[in-house]
Amino acid sequence: MKYFFTVILALFLVTGFVFATGTKEGVKTLVYGTTEKVTDMDPASAYDFHTWEIFQNIYQGLLSYPPGKTNIVPGLAESYSANAKGDQFTFKLRKGVKFTDGTPFNAQAVKWTIDRVIALKGDPSWLVTDFVKSVDVVDDYTVRFNLKGPIAYFPALAATVPYFPENPNVYPKDKIVRNPSELKGGALVGLGPYKVVSFKRDEEVVLEANPDYYGEKPKIDRIVIRYFADATTMRLALEKGEIDLAYKTLNPSDIADLSKNSKFTTYKLSGPYIRYVCFETSESVFKNKILRQAFGALINRPEIMKKVFLNQNEPLYSMVPKGMIYHTDDFKNTLGDGNIALADKLLKEAGYSKEKPLTFDLWYTPSHYGDTEVDMAEVLKAQLEKSSMMKVTLKSAEWATYKQQWKAKQMAVYLLGWYPDYIDPDNYTAAFAGTSGSKGMGINFSDPKWDALFTKEQTNTDPAVRKAVFEKIQKMWTDEAPTVPIFQGNLYVFTRKDVGGVEIGPTLIFNYNALYFKK
Amino acid sequence: MPELLKVKNLTKNFPVEKNILDVLLAGRKRNFVHAVDNISFSIMEGEVLGLAGESGSGKSTTGRLILRLLEPTAGSIYYRGKNMVSIHRKEMEALRSKIQIVFQDPNSSLSPRMSVGDAIGHPLIIHNMGTREERKEKVLDLMGKIGLTPASFLYKKYPHQLSGGQSQRVVLARALITSPDFIVADEPIAMADVSVRALILELMKKLKAEFNLTYLFITHDLATAKYLCDRVAIMYLGRIVEIGTRDELFGNPHHPYTKALLAAVPVPEPKRRRTEEMPKGEIPSAIEPPSGCHFHPRCPYAMPRCSEAKPEMRSVSPDHYSACFLNE
Amino acid sequence: MTQKSRNIEASGYSSSERMGRIFGWLIKANKKYGAEWWILVFGAVIILFISYTAIFPGTLAPYSPLDQNTGPQLMAPGPGHPFGTDNLSRDILSRMIYGSRTILGVAFTAAILSSIIGIPLGLISGFLGGIFDRIFSLIMDSVYSFPGLILAIAFAAMLGPGVVNITLAVSVVYIPTYFRLVRGQTLTIKEELYVEAARAIGARRSVILGKYIFPNVIATVVVIFSLNIADAIMTEAALSYIGLGLPAGIPDWGMDLAMGKKYLPSGIWWMITFPGLMIMTLALGFTMLGEGLSEILNPRLLER
Amino acid sequence: MNKPILEIKNLCIDYPISIGTVHAVEDVSIILNKGEVLGLVGESGCGKSTLGLSLLKLIRPPGKVSGGEILYRGKDVLKMSGSEMLKFRGQNIAMVFQNPLTSLNPLFKVKDQFLETIHYHKPEIKQEEAVRMSENILESLGIDKERMHDYPHQLSGGMRQRIMIGLGLIMQPDILVADEPTTSLDVIVEAGFIDLLNRLRERFNLTIILITHNLGLVAEIADRVVVMYGGRIMEVGSADNIFSRPLHPYTFGLINCIPNIELEQKELITMPGNPPDLVNPPPGCRFAPRCPKVMDICKEEVPEVKEYNGRKVACRLY
Amino acid sequence: MKNLLRYIITRILLTIPMIFILLTLVFVILRIMPGDPVSAMLGAHAPEEVIEQKKEELGLNKPIIIQYINYMNKLLHFDLGESMIFKQKVIVPIREKLPATIELTFFGMFFTLLFGIFPGAYAASRRRKGRDFAIRIYANVVYCIPVYWMGLMLQLILGIWLGWFPIAGRVNARILVSTFERTGFYTLDTLLAGNLYAFGDVMLHLFLPSLTLGIVLSGIFVRLTRANMLDVLKSEYILSARARGIPERKIVYKHALKNAFIPVLTMLGLQFALLLAGAILTEMTFSWPGIGRLLMERIYLRDYPTIQGVIVVFALFVSIVSLIVDILYAMVDPRVKY
């Protein structure tokens with residue numbers, strides 16, 4: 001038995017040190033670390049940023065965005081045209097493009113793909129089904145989309161992942177694919193610059209340059225996406241040189257440390273992601289808008305940014321994020337930051353006092369929004385209790401429970417976050433204060449006057465009219481305060497100094513073929 | 001002398017546990033340890049009956065069966081003509097004020113967390129005898145009689161504070177407190193030190209006279225049996241092989257096993273050499289006892305028929321019975 | 001000596017005399033039990049001290065555990081902040097002091113809860129035997145042989161964070177521990193000669209259970225109770241550590257440890273060192289108390 | 001008279017415990033001659049087992065010899081070095097313990113335990129030779145040599161006790177110390193065992209120290225008897241003398257307090273009281289508090305072991 | 001041999017009720033738990049009818065008892081069902097993650113025995129001396145160290161400050177798992193693939209987590225081995241071995257340790273559950289992609305079938321280990337009959 005122990009101990013020490021410090025692999029590879037997860041490896045089903053990012057690199061849209069830009073350029077379509085009414089779009093396809101197995105890329109393939117998306121009813125299928133009535137094959141290299149109505153921004157939709165043409169001989173028609181191994185041929189190859197050569201869920205995805213790509217060959221032959229279980233591990237891997245690039249999502253302390261490290265290049269991206277407080281406005285104590293205002297007045301956004309996020313995110317004073325059209329800073333002007341005097345006044349008005357404080361539970365969800373959520377809740381509690389007329393108890397629930405609870409009106413105040421479905425102020429406002437959207441969010445705010453304004457903004461295409469409406473809505477928001485904005489998120493990318501070509505624009509599309517090693 | 005206790009065809013089998021697979025495969029057919037195998041005897045009032053044998057002969061089981069601490073598999077036990085096997089448990093519990101048992105190990109037959117007074121007095125509480133003061137008085141009185149002195153000092157002691165002899169006295173006192181007329185003494189001196197044995201034996205003799213007791217005295221030591229008993233029964237592997245009055249049994253042993261036992265008893269008399277040949281081997285397992293006469297594999301006088309048929313009890317002389325074919 | 005005169009004497013002690021007496025008693029006990037005695041005393045001292053901080057945190061803590069303005073963020077241990085500050089500039093020492101209240105309360109209550117369910121069940125199951133015993137033992141053994149923490153996790157996830165909920169989750173896990181121990185002891189004691197002797201004097205089953213078996217079982221339970229609190233402390237902290245314990249706003253060692261984990265790569269050692277040390281020390285207190293007690297009360301118990 | 005093989009001189013053994021020191025053996029001197037069987041008799045706690053263990057320097061800590069010497073053929077056992085001691089145990093003195101059920105390592109076959117013993121004493125002996133030696137000794141003990149391949153649990157109690165003897169005798173020691181060898185055996189097996197001991201004694205020219213509380217056993221086999229009480233020797237004498245004319249009141253009590261199957265006794269001799277507390281022993285004769293013939297001086301001064309009519313006794317009556 | 005087979009079958013039969021009871025318990029806990037997989041997976045504002053439809057699809061709107069019977073029925077056919085969140089068989093992620101956990105627990109057990117048995121035996125042979133006392137203190141302290149804290153401290157000291165060992169994951173991010181992976185046991189796979197560099201790296205990654213687990217659990221074994229050794233050393237066969245002149249070292253390490261090891265072995269089977277619980281915490285601390293992490297993730301998502309699947313696997317794991325332990329036991333101890 002002693003021998004057994006000795007042998008294994010020797011294994012640890014000898015092999016561990018001798019071999020691990022010995023040779024190194026020779027192949028030049030870019031290793032990209034992330035804490036995200038791949039969902040379904042199927043454009044008809046995946047609906048998250050990271051999986052879309054991979055698809056954007058192994059597939060091509062009919063139209064696409066150049067790296068870092070927001071203008072739409074031709075992709076697999078050489079050109080497109082719309083009819084006069086704007087409800088028919090015709091795409092002229094690039095000729096001579098072939099899928100790896102020799103299947104030609106043509107109009108039939110485009111129609112097959114769109115039909116499949118419609119039939120499978122995956123999560124992102126609404127991006128197709130809400131707009132597209134049917135697809136016609138005009139000839140081998142011409143395809144026509146018949147829309148349900150005129151949609152001016154259809155080219156932007158056509159650049160999204162569900163519209164990416166797939167190889168009809170590879171994807172099964174009637175089944176959503178989760179892993180590449182379920183595909184015919186077992187490999188995930190599209191018409192994009194990269195192909196997936198190996199896929200191991202939650203461990204690694206290996207991409208290699210696609211030799212059949214019609215465009216410019218990528219500068220890096222092989223990209224390994226390495227999945228980390230937590231930010232800390234990823235940070236250490238970056239520091240130890242195990243990965244070349246880290247993107248999404250690091251902890252504030254890691255971001256702060258890495259930004260100071262001269263070995264790395266830091267990219268700061270302003271994201272469309274916002275965080276805010278929701279109130280249940282129909283039944284809870286917060287149906288009184290004065291209390292909501294008081295709550296809003298007590299929040300000290302710069303302090304939260306400083307303490308919890310080390311100033312890596314921006315304070316937000318409107319539900320419409322900064323940098324987006326029609327944004328105004330109304331909350332800053334009316335309720336302010338940490339405005340204890342105002343809050344006390346409002347609370348007194350509502351009949352509260354030091355002896356009879358407003359007592360309520362503030363809900364948060366501890367893991368859905370990352371490790372900082374607990375800190376934010378703690379800081380919020382402290383800020384709220386700066387008014388002697390408030391007594392806050394923190395309560396938390398996991399995401400699945402959280403959602404049930406807001407539906408059941410069990411939470412009076414709770415913290416939420418928002419990634420937009422589409423980049424428009426409408427998606428940041430009507431979704432919370434419009435009667436139907438508000439109900440889904442558990443806010444249960446309903447006001448015909450507001451609903452009328454939302455309808456006006458949604459149907460009118462005149463920018464001046466929309467501007468006026470949105471400015472009015474943002475002003476009204478500070479009065480009714482169905483939600484109170486807190487901050488707007490930034491994203492950080494860290495690379496080793498020798499990596500270049502990180503170009504990520506407001507669309508958050510990350511084109512790997514722009515990456516290169518400086519030499 | 002009237003008959004106090006009569007045991008008739010008493011049998012006790014203990015099932016041997018089987019594992020689940022065997023139960024599933026072979027059903028619930030079980031093996032048994034045949035601890036007591038169809039024995040009969042009776043005890044007269046005021047008599048001391050000795051039950052002797054090697055360990056594993058079933059003598060202690062017999063003692064427990066008489067108090068129904070174990071439920072007999074078959075047979076009947078009559079106490080003053082009443083069959084104790086068929087009466088209800090409650091009734092049996094009540095009857096235990098009249099029939100008592102003293103175990104081999106006095107230390108473990110006392111709860112470590114009950115004081116001497118409580119332990120001795122507890123049977124009175126159970127059988128609802130007397131008031132609190134009366135009970136205490138009775139306990140102290142009995143403690144005095146039994147030599148647990150100073151009684152009021154020992155009353156509050158706990159078992160671990162007592163010496164071996166004192167513990168055994170406490171056990172005796174507990175057995176006697178409800179004034180029983182029959183006591184099963186299960187090797188009461190086996191664990192005691194040599195010098196204490198005599199004290200307890202003498203005490204038992206004294207108490208017998210004083211309280212008009214009847215004993216079933218279980219022992220492995222024939223010398224003690226000879227000293228104390230009026231009649232003696234010898235057990236081997238669950239069966240009684242020989243029973244008779246003291247003088248008969250020791251003076252004229254009949255069964256080869258009895259003879260061997262007697263010969264094996266060491267005597268404090270130097271250089272007395274054994275002439276008798278000792279039986280071969282050791283007592284076999286009671287799960288599958290030998291066929292016929294259980295003793296035949298070890299018996300120096302074994303005949304072919306001994307392994308075939310079970311010898312019946314037969315009279316050797318008046319008041320002396322033996323189960324051996326040599327008898328015929 | 002009569003009872004009365006002893007009382008008069010006892011009340012006549014001056015405090016220093018009494019201290020002397022206590023000290024003398026300690027020395028005497030040390031002579032009698034040796035090292036085990038000091039293990040017990042050491043454990044008891046830890047427990048007493050931490051209990052004191054739990055009951056009167058205000059007398060020792062320099063700050064409120066929730067105060068976010070005690071100094072700079074992530075300050076290393078130094079003057080004013082012997083244990084440093086955390087990322088929200090809260091004083092870690094104060095959080096440790098107030099946190100003891102949470103963990104002690106939860107662990108103690110959980111241990112009591114599981115014992116008041118497990119002990120009677122084990123006692124009755126072991127004593128009655130038969131099919132009732134078989135079913136109960138099967139259930140309890142199944143649960144026992146399974147990693148308790150996983151069950152606690154399942155329960156904690158079901159109930160959601162909160163002091164009461166976590167207490168319930170922890171207590172459920174330890175019911176089988178008591179059940180098995182008490183059942184085992186009951187089975188052993190049931191076979192003791194003195195129980196047979198009790199039957200022989202005509203005692204009913206309820207009397208045997210109450211007067212002969214229970215008092216002898218309970219002695220072993222004391223030891224297990226102490227060891228069990230140590231286990232419960234670690235389970236509570238583990239649940240908090242993986243985020244299933246308490247909501248924010250209640251100082252809790254396990255949660256502080258989890259918070260500190262994020263700062264590990266930045267080398268912020270004080271955020272993980274102190275909460276862990278506290279958990280360990282408290283658990284050690286109860287373990288040592290338990291071990292000391294077991295060696296003194298029942299030397300064979302731990303050698304299962 | 002030839003030179004004694006073993007001589008114990010003024011041996012004292014103490015056990016320090018938490019509440020004081022137990023004087024387990026006090027001032028004991030015994031002479032053992034080659035070829036004789038010495039019975040060491042006393043009740044439990046009289047120090048007889050401790051004395052037996054001390055002959056092999058096997059007293060469990062914290063017990064220790066606090067005085068006196070044990071001379072084996074003139075050499076002091078207590079001063080032997082570790083390796084000398086290892087040789088001494090087994091080659092010169094063997095010991096057999098009370099409980100045959102627990103005296104054999106349950107995880108090793110009988111054969112392995114024999115071979116191991118031989119190996120550590122005589123590494124030069126080859127395996128086959130060692131096996132043969134073991135078989136021989138087993139046969140002389142009346143055990144089938146096939147039993148060599150059994151584990152201890154497969155053997156009966158009597159057989160295990162014989163194997164213990166075999167293990168003790170395999171290196172052909174001069175002295176066999178048997179500590180209560182038959183207490184856990186049944187009467188018939190016990191009788192067989194005693195017969196065996198008598199045969200072995202003649203065959204191997206053994207010197208035996210039989211430690212027991214059973215006077216019957218001693219009477220059957222011993223040449224000389226030492227009676228101990230409370231850690232001290234009360235009386236030493238030939239078996240005949242001790243049993244027919246005991247001098248010491250304790251010896252007399254011991255012989256007559258148990259029923260004798262050969263006699264018709266009306267009443268047994270009883271010795272009231274308890275064995276002495278060895279931490280705080282009575283100042284005088286250990287037996288004084290229980291002695292029927294006690295005198296005042298007995299309670300004050302410890303009596304010396306004196307010669308009396310060619311016998312030795314520690315009592316002031318003589 | 002036939003007896004052994006019978007014994008194994010018996011043991012497996014005995015495992016069935018245990019798994020059944022645990023599953024029932026977990027099933028009930030999960031169903032009365034607030035939150036459900038549908039709310040967890042659908043977007044923040046999925047319409048009510050979609051939720052209902054999804055529930056219908058997954059059979060969540062049926063009475064619990066029907067869901068239970070359906071599940072048990074599947075299980076009887078060795079089918080763990082399909083995840084409710086991800087459209088895949090439950091067995092798939094379990095098969096992917098289980099090897100990591102097994103590797104961790106195996107090496108953890110190795111360290112447990114290394115740091116448990118030898119110090120325990122040594123302490124017993126030096127009873128009541130300074131070193132005995134020191135080892136006993138070690139056992140007590142180590143027993144009370146929360147495994148996750150031990151992990152964090154080792155990470156901090158050996159990983160961050162000294163930089164000797166990697167502190168998370170199973171292998172360097174630069175080494176492509178796909179180049180060697182076959183069984184999922186990386187130590188084995190790297191050797192099979194002949195990639196010694198990767199093997200070394202895997203061993204390095206394995207070192208801290210398994211050391212953590214091993215040290216923390218060794219406390220119990222020190223205590224147990226010591227107590228058993230003390231018992232054994234007191235036994236008459238040790239005394240008689242001494243009386244036969246067998247050297248002390250042989251007595252301690254051959255005669256006594258082998259006997260003392262038997263109860264330790266039994267304890268190992270019992271303590272394996274503890275090892276698994278520790279493994280979960282270690283997995284959380286060291287970002288170790290085992291089934292413990294899987295369980296935690298899926299509990300948040302309320303993925304009922306996967307949670308149940310993991311529980312079944314854990315229970316099987318425990319039973320298999322205790323079976324192995326029992327077989328070993330029978331090999332060591334000739335007295336045991338099947």
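Just so we're on the same page: letters track the sequence lines, and every chain starts at 1. Just so it is clear, the values below take in all heavy atoms, side chains as well, and ignore hydrogens, waters and symmetry mates. These numbers were taken from a predicted model, which means no experiment stands behind them.
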Residue, of [options], that accumulates the most heavy atom pairs under 4.5 Å with chain C:
options: B:I177, B:D105, B:V184, B:L110; value: B:L110
options: B:R96, B:Q104, B:H127, B:R68; value: B:R96
options: B:R89, B:R174, B:R64, B:K90; value: B:R64

Report, as yes or no, whether the 6.0 Å neighbourhood of atom [atom1] on [X] holds more than 12 heavy atoms from other residues, nucleotides or ligands.
X: B:F153; atom1: CZ; value: no
X: B:E137; atom1: CD; value: no
X: B:Y155; atom1: OH; value: yes

Residue B:I99 versus chain C: region with a heavy atom under 4.5 Å: backbone

Please flag which part of B:S108 lies under 4.5 Å from any non-hydrogen atom of chain C: side chain, backbone, both or neither.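 Contact with chain C is through both the backbone and side chain of B:S108.
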
Give, for atom [atom1] of [X] and atom [atom2] of [Y], the distance between the pair rounded to the nearest 0.5 Å.
X: B:I125; Y: C:K211; atom1: CD1; atom2: NZ; value: 5.5 Å
X: C:R199; Y: B:I126; atom1: CZ; atom2: CD1; value: 12.5 Å
X: B:Q100; Y: C:I201; atom1: CD; atom2: CD1; value: 7.0 Å
X: B:R113; Y: C:Y194; atom1: CZ; atom2: OH; value: 8.0 Å

Of the non-hydrogen atoms in C:A200 and B:L69, which two are nearest, and what is the gap between them? N-CD2, 3.7 Å

Nearest heavy atoms of C:A197 and B:S109, plus distance in Å: CB-O, 3.8 Å

